[in-house]
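Take a look at the structure set out below.
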Amino acid sequence: MPPLPKDIPKYASLLQLCCTTKNLQKLHQIHAQTIKLSISYNDFTRSKLISAYTSCSQISDAHFIFSLCNRQSTFLYNTLIRGYSSIKKFDLSLDIFRQMIFFRKEIDSNTLPAVLKSVAAVSGLRVGKRVHGYALVRGFGSDLAHCNALINVYGKSGDMVYARKVFDEMPEQNLITWCAMMSVYGMHGQFDEVFGLFDELLIRGVELDAVVFTTVLTACSHGGRVETGKEYFKMMTDVFKLKPSMEHYTCMVDMLGRSGRIEEAKDLIEKMKIEPDEALWRAFLGACKFHRESEIIVRGRYYYV
């Protein structure tokens with residue numbers, strides 16, 4: 001392979017920095033410089049430009065540069081698949097994957113997680129099973145990231161038997177695995193299964209994180225398990241010494257509000273050490289309206305709903 005022109009490594013590093021900082025203005029300046037130096041045509045530079053534009057959510061620009069590449073590698077396909085998925089254009093993400101298959105591009109360990117994320121988002125069970133097949137044939141069937149994504153695919157598509165089968169047969173599991181399984185159980189109203197998995201984590205002595213508690217508190221809210229939710233919230237702060245985030249407070253306010261405990265929800269908001277965001281206010285004021293609490297004062301503000 002011939003050596004790269006001398007300016008390319010320098011600009012590749014600058015473009016990589018744009019990926020990290022997501023500085024679109026700087027990216028445009030560097031791109032203009034590569035055109036001026038006549039190195040923008042180089043496929044290595046183009047791959048860096050595609051990554052940078054994708055990181056800045058400029059997917060149409062990234063796709064255009066991709067179309068100019070002489071060698072459309074697996075890396076470039078992966079970059080576009082991941083980029084479309086990151087901006088919730090899941091159908092386009094899957095279209096790129098189908099194109100990749102059509103042109104018989106090699107699938108690697110970075111291809112399928114983003115594909116499976118898109119499949120889960122569109123609840124494409126048939127496509128999900130085909131992608132699962134690709135993973136098995138190519139030796140990625142036991143890969144942790146793929147299995148975590150497959151739990152979401154099968155669970156969101158309503159196939160809880162297969163979701164649990166993937167979970168149970170995984171040679172390795174992490175907290176993302178457990179949260180994925182708990183989330184899909186909660187999505188389908190199987191709240192006792194959520195709490196059973198949570199209790200199993202406690203029995204195993206696993207160090208729980210904030211995401212696990214968000215998952216279980218969401219289940220408590222949707223399942224109307226107020227007392228259980230209050231116990232978990234107390235456990236999070238007192239036992240695991242985790243500082244409640246806005247997501248935790250929103251779960252609690254939503255849970256209390258759904259159950260008509262408006263005063264308890266109000267007291268919790270009053271005691272919060274962070275400023276409530278739009279989602280929390282929406283949950284609280286929606287509950288007030290539903291339970292006909294038309295006038296209320298919270299944190300020194302008067303609300304009429």
Side-chain angles (χ1 to χ4, degrees), residues 120 148 151-152 155-156 158 160 163-164 167 173-294 296-299 301 303 305:
N148 288 344
I151 290 170
N152 275 317
K156 289 181 178 179
M160 296 304 299
R164 187 59 193 245
F167 177 83
Q173 297 168 330
N174 59 12
L175 279 178
I176 295 172
T177 313
W178 288 78
C179 284
M181 195 69 241
M182 290 162 68
S183 291
V184 295
Y185 272 134
M187 188 183 303
H188 294 286
Q190 299 181 39
F191 303 114
D192 288 337
E193 297 287 353
V194 177
F195 305 139
L197 287 175
F198 184 86
D199 291 343
E200 192 172 337
L201 281 173
L202 293 178
I203 292 168
R204 293 187 181 199
V206 177
E207 187 69 24
L208 304 186
D209 65 7
V211 178
V212 175
F213 280 99
T214 299
T215 304
V216 75
L217 288 173
T218 299
C220 290
S221 175
H222 292 170
R225 310 291 181 87
V226 178
E227 295 306 321
T228 304
K230 290 167 71 173
E231 289 174 12
Y232 286 141
F233 189 75
K234 182 174 174 57
M235 181 191 300
M236 179 182 74
T237 56
D238 295 355
V239 178
F240 289 91
K241 307 300 180 185
L242 293 170
K243 185 178 179 181
S245 69
M246 189 64 69
E247 287 79 9
H248 299 124
Y249 282 120
T250 302
C251 286
M252 291 298 294
V253 168
D254 186 55
M255 178 185 71
L256 293 166
R258 284 171 184 254
S259 301
R261 303 192 186 190
I262 303 300
E263 283 301 317
E264 284 188 59
K266 175 186 170 182
D267 288 344
L268 182 63
I269 295 172
E270 297 280 11
K271 293 173 183 175
M272 285 172 56
K273 295 180 180 176
I274 52 178
E275 189 66 25
D277 66 359
E278 183 181 341
L280 188 145
W281 282 123
R282 190 162 53 244
F284 177 67
L285 296 176
C288 290
K289 184 175 183 179
F290 182 82
H291 292 286
R292 303 183 186 280
E293 294 281 347
S294 58
I296 196 159
I297 298 175
V298 190
R299 294 173 79 100
R301 300 176 188 172
Y303 292 93
V305 292

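Everything numeric in this text was worked out from a predicted model, so none of it was measured. The residues of the chain are indexed from 1 along the displayed sequence.
Of all heavy-atom pairs spanning F233 and P244, the tightest one is CZ-CG, 3.9 Å. In this structure, T218 and C251 approach most closely via the heavy-atom pair OG1-SG, 3.3 Å. Scanning both residues, G257 and A287, for their nearest heavy atoms gives CA-CB, 3.4 Å. Summarising the geometry of L242 relative to A210, their closest heavy-atom pair is CD1-N, 3.9 Å, with the distance given to 0.1 Å. Of all heavy-atom pairs spanning G223 and F191, the tightest one is CA-CE1, 3.4 Å. Here the shortest heavy-atom pairing between M182 and V216 reads CE-CB, 4.1 Å.
Residue pairs satisfying the side-chain hydrogen bond (donor to acceptor under 3.5 Å, both in side chains) criterion with at least one member in residues 201-216, sequence neighbours excluded, are listed as follows: E200-R204, T214-H248.
To the nearest 0.5 Å, atoms SG (C179) and CG (N148) are separated by 10.0 Å. Going from atom CG of L197 over to atom CG of L201 covers 7.0 Å, rounded to the nearest 0.5 Å. We find the CD1-CZ distance between I151 and R164 to be 9.5 Å, quoted to the nearest 0.5 Å. The structure places CG of L280 at 4.0 Å from OG1 of T250, a figure rounded to the nearest 0.5 Å. Interatomic distance, E263 CD to R261 CZ, rounded to the nearest 0.5 Å: 13.0 Å. Annotation: the span from E193 atom CD to Y185 atom OH amounts to 4.5 Å, rounded to 0.5 Å.
More than 12 heavy atoms of other residues, nucleotides or ligands sit less than 6.0 Å from atom CG of L175. Counting non-hydrogen atoms of other residues, nucleotides and ligands closer than 6.0 Å to CD of E278 gives a total of 12 or fewer. For F290, the CZ atom is loosely surrounded, since the number of other residues' heavy atoms within 6.0 Å does not exceed 12.
At a threshold of 4.5 Å between non-hydrogen side-chain atoms, the residues W178 and V212 do not count as touching. At least one side-chain heavy atom of Y249 sits less than 4.5 Å from a side-chain heavy atom of I274. Residues M160 and M181 have side chains in contact (heavy-atom distance under 4.5 Å, counting atoms from C-beta outward). A heavy-atom distance below 4.5 Å is not found between the side chains of E275 and M246.
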Using the rule given for side chain to side chain contact (heavy atoms under 4.5 Å, CB included), can you reason through L256 versus F284, listing the C-alpha separation, both sets of side-chain angles and the distance that settles it, and then say yes or no?
CA-CA 9 Å; L256 293 166; F284 177 67; over 6 Å; no

R225 and D192: salt bridge (Lys or Arg N to Asp or Glu O under 4.0 Å), yes or no, with the steps? CA-CA 10 Å; R225 310 291 181 87; D192 288 337; 3.2 Å; yes

* Evaluate side chain to side chain contact (heavy atoms under 4.5 Å, CB included) for L202 paired with L208, printing each intermediate quantity in order. => CA-CA 8 Å; L202 293 178; L208 304 186; 3.8 Å; yes

Legend entry - Derivation of the side chain to side chain contact (heavy atoms under 4.5 Å, CB included) call for E264 and K230: CA-CA 11 Å; E264 284 188 59; K230 290 167 71 173; 3.1 Å; yes

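Ion pairing between R258 and D254 holds under the 4.0 Å rule for side-chain N and carboxylate O. Of the charged side-chain nitrogens involved, none lies within less than 4.0 Å of a carboxylate oxygen, so that K234 and E227 do not count as a salt-bridged pair.
Of the possible donor and acceptor atoms, one in the side chain of H188 sits under 3.5 Å from a partner among the backbone N and O of G155. Here the side chain of S221 pairs no donor or acceptor atom with the backbone of L217 at under 3.5 angstrom. For Q173 (side chain) and F167 (main-chain N/O), a donor-acceptor pair under 3.5 Å exists by modelled atom type.
By the 30° and 60° cut-offs, the orientation of the rings of F195 relative to Y232 is tilted.
F213 and F240 have their aromatic ring centers within a separation under 6.0 angstrom.
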